[in-house]
Amino acid sequence: MVIKVFLASSSGSTAIKKKQQDVVGFLEALKIDYAQLDIASNEDNRMWMRENVPGEKKPTSGIPLPPQIFNEEMYCGDYDTFFEAKEDNSVYEFLGLTPPPGSKEAQQAENVQKLHNGSGTEEHLDDDTTRNVAEEEEQEEGEEDRAEDGLVSEEEEELRELEEEEEHASEED
């Protein structure tokens, strides 16, 4: 599967340029294969992008702005939905890709699968695992609420994550 990122190479908008760089840089950092399709110099790319962005996803002007992201023919989203997925550690899901083993997204999916399918239901998990997953979900929800209110800085978030890692390491010993 090829991820297609529709960009405008000669955009006069610095906001659009920054958004395009953010998407491309993040995909490169995750080593996700993608193709850049320029809508500024290629009319076919521009028309294909405009025709394939779903109507409900088009802005009120009717013309979607870059970057627009597709997985082959499947529309994934624009910059805003990409950014939300990035913040939620769900970029692979957003792109319609399987997360690599060991990634945060793969671990989250594994925890959800353990709780919701027959091979790892709560009856088969020990109480500590069930409690830890539930506590993490509650904590994440609370953090999202605080983050939305602007109460959690990046430094506080990093500190909390380090403390959790240390706590998990000491529990394993």
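Keep in mind the model is a prediction, meaning the values are calculated, not measured. In what follows, every heavy atom counts, from backbone to side chain, and hydrogens, waters and symmetry copies are set aside.
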Test side-chain contact (heavy atoms from CB on, under 4.5 Å) applied to Asn42 and Leu37, step by step: CA-CA 8 Å; Asn42 186 317; Leu37 302 169; over 6 Å; no
Output all residues satisfying salt bridge (Lys or Arg N to Asp or Glu O under 4.0 Å) with [X], sequence neighbours left out; order by chain, then residue number.
X: Lys17; answer: none
X: Lys86; answer: Asp22
X: Glu28; answer: none
X: Glu56; answer: none

Which heavy atom of [X] sits nearest to which heavy atom of [Y], and what is that distance?
X: Cys76; Y: Asn71; answer: SG-N, 3.5 Å
X: Val23; Y: Tyr79; answer: CG2-CD1, 3.8 Å
X: Pro64; Y: Gly62; answer: CD-O, 3.5 Å

Do [X] and [Y] share a hydrophobic cluster (ILVMFWY, side-chain heavy atoms under 4.5 Å, transitive)?
X: Phe6; Y: Leu65; value: no
X: Phe26; Y: Leu97; value: yes
X: Tyr92; Y: Ile69; value: yes

Checking [X] now: which residues fulfil side-chain contact (heavy atoms from CB on, under 4.5 Å) with it, not counting sequence neighbours?
X: Gln36; answer: Leu7, Val24, Tyr34
X: Glu93; answer: Ser90, Glu105
X: Ser61; answer: Pro59, Ile63

Measuring from atom [atom1] of [X] to atom [atom2] of [Y], what distance do you get when rounded to the nearest 0.5 angstrom?
X: Gln68; Y: Asn52; atom1: CD; atom2: CG; answer: 11.0 Å
X: Leu27; Y: Ile3; atom1: CG; atom2: CD1; answer: 7.5 Å
X: Met74; Y: Leu95; atom1: CE; atom2: CG; answer: 7.5 Å
X: Lys19; Y: Phe82; atom1: NZ; atom2: CZ; answer: 13.0 Å

Applying side-chain contact (heavy atoms from CB on, under 4.5 Å) to Phe94 and Asp88, what does each step give before you reach the verdict? CA-CA 10 Å; Phe94 166 80; Asp88 293 341; over 6 Å; no
Taking only residues two or more places apart in sequence or in another chain, which ones pass side chain to side chain donor-acceptor pair (under 3.5 Å) with Asn45? none
Applying side chain to side chain donor-acceptor pair (under 3.5 Å), name anything that partners Asp38, two or more places apart in sequence or on another chain. Ser9, Ser41
Short side-chain to backbone donor-acceptor contact, Asp80 and Phe83, under 3.5 Å: no
Examine distances only and state if a side-chain atom of Gln20 and a backbone atom of Pro66 form a donor-acceptor pair shorter than 3.5 Å. no
Among residues at least two apart in sequence or on other chains, which ones pass ring-ring contact (aromatic ring centres under 6.0 Å, His included) with Tyr75? Phe70
In short, salt bridge (charged side-chain N to carboxylate O under 4.0 Å, His left out) pairs touching residues 2-14 with sequence neighbours left out are Lys4-Glu73
Residue pairs, two or more places apart or on separate chains, that pass salt bridge (charged side-chain N to carboxylate O under 4.0 Å, His left out) and touch residues 40-49: Glu43-Arg46
Does NZ in Lys57 sit with more than 12 non-hydrogen atoms of other residues, nucleotides or ligands closer than 6.0 Å? no
